[in-house]
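Take this structure, written in structure tokens, and hold onto it; I'll ask about it next.
Just so it is clear, the values below take in all heavy atoms, side chains as well, and ignore hydrogens, waters and symmetry mates. Along the sequence shown, residues carry numbers from 1.
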Amino acid sequence: MAQDSHPIRVRPALESIATYKPGKGRPGRVRKLSSNENPFPPLPQVVDAIAGMADSVNRYPDMIAAPLIERLAEHHGVDADRITVGNGSCSLIAHLLQAVATEGDEIVMPWRSFEAYPILVGITGARAVEVPLTPAFEHDPHGLAQAVTEHTRAVLLCTPNNPTGTPLSAEAFEAIMASVPSDVLVLLDEAYYDFDDSPGRLDGFALVEKYPNLIAARTFSKAYGLCGLRVGYAVSSPFIAECIRKTTPPFAVNSAAQAAAIEALNHRDVVDQQVATIIAERDALVAAVRQRGFDVPETRANFLWFPGERARDAIVAACERHAISVRAFPDGVRVSVGAPDDNQAFLDAIADIDPAAL
Ligand SMILES: Cc1ncc(COP(=O)(O)O)c(C=O)c1O
């Protein structure tokens, strides 16, 4: 993007921001395993709740989604004044970062991690300080601590980490919190929390009282299967929550999305069954690819990470031939866990690849 090609002057920070690229493929034409979506269709009760809002869309939604916040407070056993919602957790994170950082500041993050982070940081004008994951694709507590300077305004943590699937252990988390100054915000991004069945799984919502500088963010996009509606939520100190309300544009979560999210919470038992099915599919997929010789790290999310450029090229080419969309990155490829027939199609697609030859 070149400023000299257009007369309107924009902020110099935009020069260095890449445009977010979504996972390719429309369901129906290809098997979409590129966006970590929930393969189950929305629950009928959720569809009814969305339809039920149709005749009142001439009215604005509840400004701060108070009924949804009340329901989340009840569901998670946290005070409502600690909860914020946003137009997807991506927007919530953007507004959070706008509250703490600007030009000249730094935001520390593990890398590779969620590809939106550098973009969201770039929008604030702050500099993204990327700390490499360990060779086991885990957050590096020492490296993150070393990267924190007087300019640091936030540290981003992602568990399980996108795109590697690796969870952050409680021990590593505590070490990071001990090394980050108490006036620096720490975001624990738990977008894939529900798929994390690791023993001693971190629970950010239970930790915010202990750490006033911590905020934990989750989403209705993954386990709840509502990514098309865009609802994210976070738990923090009431002060941080108030700051996010200030930076969030009015009426961020639309009325259909609010109604659908409340209804999805009312059917948490079905969501749990779906999550259990996805976890079982994931574990079977991991076992199958490892048996074939692929070296994939432990994943506690709804996706698998195949590290390495050669593995990426071979898998992307095979999937293209079989009309399966996966997510390629410079250093590997991420494959979402889909419906059982999608997962089998993926295994069939990569059947001819010899990992030893890569
Ligand atoms: C780690 C992580 N955080 C946040 C998000 C954003 O989710 P949403 O904006 O749909 O709530 C994603 C989406 O893929 C993600 O992978």
Flag side-chain contact, heavy atom, 4.5 Å: V335 against V289: no
Minimum heavy-atom distance between N302 and N36, given as atom pair plus value: ND2-O, 3.2 Å
S91 side chain to N87 backbone, donor-acceptor under 3.5 Å: yes
Ring centre gap for H76 and Y233 strictly below 6.0 Å: yes
Plane angle bin for F220 and Y224 - parallel if under 30°, tilted between 30 and 60°, otherwise perpendicular: tilted
No-hydrogen, no-angle side-chain donor-acceptor test under 3.5 Å, N254 and R230: no
Q344 and D348: CA distance, side-chain angles, deciding distance, side-chain hydrogen bond (donor to acceptor under 3.5 Å, both in side chains) verdict: CA-CA 6 Å; Q344 188 55 52; D348 294 344; 2.9 Å; yes
Heavy-atom closest pair, residues C158 and S113: CB-OG, 3.5 Å
Axial cation check for F303 ring with R327, 6.0 Å and 45° limits: no
Note: D283-R290 ion pair, threshold 4.0 Å (strictly below): no
G232 backbone acceptor or donor facing S89 side chain under 3.5 Å: no
Lys/Arg cation over aromatic F329: R312, 6.0 Å, 45° cone: no
